Amino acid sequence: MVVSLNYEGRRRPMLRLYNTLTRQKEEFKPITLGEIRMYVCGPTVYNYIHIGNARSAIAFDTIRRYFEYRGYKVDYVSNFTDVDDKIINAAHETGEEPLDLAQRFIDAFMADTKAIGIEPATVNPRASQMIPDIIDFIQVLIDKGYAYASDGDVYFRARKAKNYGALANKNIDELEQGASQHVADAETARKEDPIDFALWKGAKPGEIRWDAPFGPGRPGWHIECSVMSTKLLGDTIDIHGGGQDLEFPHHQNEIAQSEAKTGKTFVNYWMHNGFVTVGEDDEKMSKSLGNFVTVHDIIRTVDPMVLRFFMATTQYRKPIRYTEANLAAAATDLEHLRTARANLVFRQDGASKGAAEQITTAVTDLKQRFIDAMDDDVNVANGLAVLYELVKLMNEYATSDVVYADSVALLLSTFDAWMQIFGVQMATETELLDADIEQMIQQRDAARAAKDFATSDRLRDELVARGIILEDTAQGTRWRRA
C-alpha cells in the first residue's frame with residue numbers, strides 16, 4: 001500500500017473506495033502489497049459500442065490509471081462476450097458466422113477505445129476461447145449439488161447461495177416475484193425454482209454449439225466472467241467493476257457460482273459506474289431503447305479527446321447527461337487547458353537555470369491536495385478542481401518576466417501526469433510543429449519587423465487556412481491548432 005504524506009510529513013488518509021456490496025466507503029487493502037487484481041465486464045460484441053458502453057470503459061480506465069499513478073501494479077482483465085443470443089440473432093440477419101461477426105465488432109471496439117485513450121487490458125479473454133474451462137467449472141457445480149441439468153440446459157440453484165441478492169440489496173421473495181414475471185413459461189418449466197439461472201443452454205437447431213458431458217450447447221451469460229476471473233486472476237480478486245445495470249442479475253450470479261465452486265470470497269470491492277442519460281427526463285442510453293450514439297460515429301466529427309475529457313471528469317458513480325451543449329462545454333474547457341500548457345511550453349526557450357522556491361512549494365501542496373481528492377473514491381471532480389488551480393498557477397507563471405527551467409518542467413510534468421490519469425493526450429509543440437509552418441512563422445516575423453504588413457497578413461491568412469492560429473505575445477509569436 002502506498003502511504004500518502006503531505007510535505008510537512010503528516011500521515012494522510014488512505015485510498016477509500018465505495019463498495020457496492022456494503023453500501024459504504026472502505027479503506028482499500030489489496031490482497032498483495034503494491035498490486036491490484038481487477039476485472040471489469042466488457043461488451044457483448046454484436047454492434048459498435050455507444051457512449052453509454054464507453055462510459056464504463058472510460059471510468060474504469062481512469063480508475064486504473066489513478067491506481068498506477070499511486071504506484072500500484074494493476075493486472076486488468078476485461079472480457080469480450082462473443083457467444084450470446086444477440087450475436088446469434090445479428091449474425092443471422094447479416095448472413096455471417098457468429099464468431100466472425102463478433103470478431104468484426106471486437107476489432108471496431110479496439111479501434112474506438114484506442115481513439116478515446118483506453119489503455120489495453122492485461123488480457124481480453126473471450127467466452128469462445130474458454131469453453132473447456134467453462135465446462136469444467138459447471139461440472140464442479142453439478143458435482144457439489146449447486147447445479148442441475150434439465151432438458152439440455154444446466155441451472156444454478158440460487159437459493160443454495162449464501163446471501164443471494166445482497167449485492168443489489170434484494171431479498172429472495174422480491175427476486176422470486178420478479179423472476180416469475182420475466183421468465184418464459186417454457187424455461188420456468190425446466191427450472192426447479194423461478195430464480196435459478198442458466199449456466200449452460202442446450203443446443204438449438206442452427207446455433208453455435210460445443211459438446212459437453214451434460215449435453216451439447218453453449219454457455220449462459222453469467223458463467224464466463226466467473227471462469228475468466230478465477231482462472232486469470234485467482235479465486236479472490238481485489239476489484240470487480242461494471243455498470244450499475246450489472247449489479248443484478250449478472251454480478252450477483254457471478255458471486256453465487258464463484259463462491260459455490262471455490263468456497264472463498266469472490267471479490268473484495270465491488271465498483272459500479274453510473275449511466276449516461278439523454279433528454280430532459282434523463283433516460284438511460286441503451287441499444288434496446290434506440291436512443292444511443294455510437295463512439296464510432298461521434299469521433300468522426302468530435303475530437304476523441306473531448307469525448308474522453310467529457311466522460312472522465314465526472315465521478316464514476318454519478319450519471320452523465322449527454323447533450324451537444326455539455327460536449328461543447330467540455331471542448332472549450334479542454335482548449336483552455338491545452339492553451340495553458342502551450343503557453344508554458346513556449347517559455348521553455350530562454351528560461352533561466354534553477355527553480356523558483358514559491359513554485360516548488362505551491363506544486364508540492366497541490367500534489368498532496370490532488371491525492372487527497374482522488375483518494376476519496378477516485379473523486380475526479382474534486383481532483384479536477386485542484387488541476388484548475390494548477391492551471392491558474394501555470395498561466396500566471398507563463399506571463400512572468402523571468403521563468404526558471406526547473407519550475408517550468410515541474411509545472412508541466414505535474415500537469416501532464418494528471419492529464420494522463422484522465423486519459424487525455426496533450427500533444428506537445430514539438431509534435432505539432434512541422435518545418436513548413438515553422439518557416440512561414442519565421443517569414444511572417446521578419447515581414448512584421450520590416451513593417452511589410454501586406455506580406456505579414458498574407459502569411460497569417462495562409463497559416464489560418466492550414467488550421468494554425470498565431471498569437472503575438474510580449475515573448476514572441478506562438479501558435480496553436482484551430
Side-chain angles (χ1 to χ4, degrees), residues 15 17-18 28 35-43 45 48-81 106 108-125 225 228-229 232-233 237-244 246 269-276 285 294-296 298-299 302-320 322 330 334 370 373-375 377-381 383-384 387 416-426:
L15 176 62
L17 302 175
Y18 182 85
F28 178 65
E35 298 180 7
I36 296 176
R37 284 176 267 174
M38 186 173 181
Y39 185 96
V40 175
C41 286
V45 282
Y48 296 108
I49 61 166
H50 59 69
I51 61 172
N53 307 135
R55 198 313 161 74
S56 183
I58 289 172
F60 288 103
D61 182 68
T62 303
I63 291 167
R64 172 194 183 177
R65 287 170 177 269
Y66 182 64
F67 290 154
E68 292 172 338
Y69 174 81
R70 294 289 272 118
Y72 289 100
K73 175 183 178 294
V74 182
D75 287 328
Y76 187 94
V77 176
S78 186
N79 70 305
F80 290 121
T81 296
I106 287 172
F109 175 90
M110 298 302 287
D112 290 344
T113 55
K114 181 179 180 180
I116 57 176
I118 305 293
E119 286 188 331
T122 308
V123 185
N124 287 120
C225 289
M228 294 168 178
S229 178
L232 298 172
L233 295 173
I237 67 172
D238 294 295
I239 295 170
H240 195 315
Q244 289 176 348
L246 298 183
Y269 302 87
W270 285 94
M271 301 178 72
H272 293 92
N273 66 273
F275 297 134
V276 174
M285 182 178 287
T294 68
V295 173
H296 190 75
I298 197 172
I299 62 177
V302 174
D303 179 354
M305 289 296 98
V306 169
L307 179 61
R308 171 76 193 220
F309 184 71
F310 169 60
M311 303 190 80
T313 51
T314 296
Q315 207 272 347
Y316 74 94
R317 287 192 288 123
K318 295 185 179 298
I320 295 178
Y322 174 78
L334 182 56
F370 181 80
M374 295 288 284
D375 271 4
D377 196 31
V378 198
N379 194 325
V380 294
L384 187 66
L387 172 67
D416 288 348
W418 293 357
M419 292 303 290
Q420 280 291 319
I421 294 169
F422 294 117
V424 177
Q425 301 297 322
M426 304 298 290

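Given the structure is predicted, the values throughout are model-derived calculations rather than measurements. Worth knowing before you read on, the calculation uses all heavy atoms, side chains too, and leaves out hydrogens, waters and symmetry mates.
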Spell out, as yes or no, whether a donor-acceptor pair under 3.5 Å connects the side chain of Asp61 to the backbone of Glu119. yes
Kindly say whether Tyr18 contributes a backbone atom to a donor-acceptor pair with the side chain of Asp377 at under 3.5 angstrom? yes
Interatomic spacing from CD1 in Ile51 to NE2 in His296 - rounded to 0.5 Å: 15.5 Å
Over all atoms of both residues, closest heavy-atom pair of Arg317 and Gln244: O-NE2, 3.5 Å
The reported gap from CG in Asn379 to OH in Tyr316 (rounded to nearest 0.5 angstrom) is 10.0 Å
Thinking salt bridges, do Asp75 and Arg64 make one under a 4.0 Å N-O criterion? no
From Tyr66 atom OH to Asp375 atom CG, the distance as rounded to the nearest 0.5 Å: 3.5 Å
Apply ring pair (Phe, Tyr, Trp, His ring centres under 6.0 Å) to residues Phe80 and Phe109 and explain how you reach the verdict. CA-CA 10 Å; Phe80 290 121; Phe109 175 90; 5.3 Å; yes
Give the intermediate values and the outcome of side-chain contact (heavy atoms from CB on, under 4.5 Å) for residues Phe67 and Met38. CA-CA 11 Å; Phe67 290 154; Met38 186 173 181; 4.1 Å; yes
Determine yes or no for a side-chain-to-main-chain donor-acceptor pair under 3.5 angstrom, with Asp238 supplying the side chain and Arg37 the backbone. yes
Just wondering, do Ile239 and Trp270 contact through their side chains at under 4.5 Å, heavy atoms? no
Heavy-atom closest contact (Ile116 atom, Met305 atom, distance): C-CE, 3.8 Å
Taking Ser78 for its side chain and Val40 for its backbone only, find out whether a donor-acceptor pair lies under 3.5 Å. yes
Taking atom OG1 of Thr313 and atom CD1 of Ile421, what is their separation to the nearest 0.5 Å? 13.5 Å
Which class fits the ring pair Trp418 and Phe370: parallel under 30°, tilted 30 to 60°, perpendicular over 60°? parallel
Got a salt bridge between Arg308 and Asp303, using NZ or NE/NH1/NH2 to carboxylate O under 4.0 Å? no
Are Tyr48 and Asn53 close enough that a side-chain donor and a side-chain acceptor fall under 3.5 Å? no
Going by heavy atoms in the side chains, are Ile36 and Lys73 under 4.5 Å from each other? no
Testing the basics here: between Arg55 and Thr314, what is the closest heavy-atom pair and its distance to 0.1 Å? NH2-O, 3.6 Å
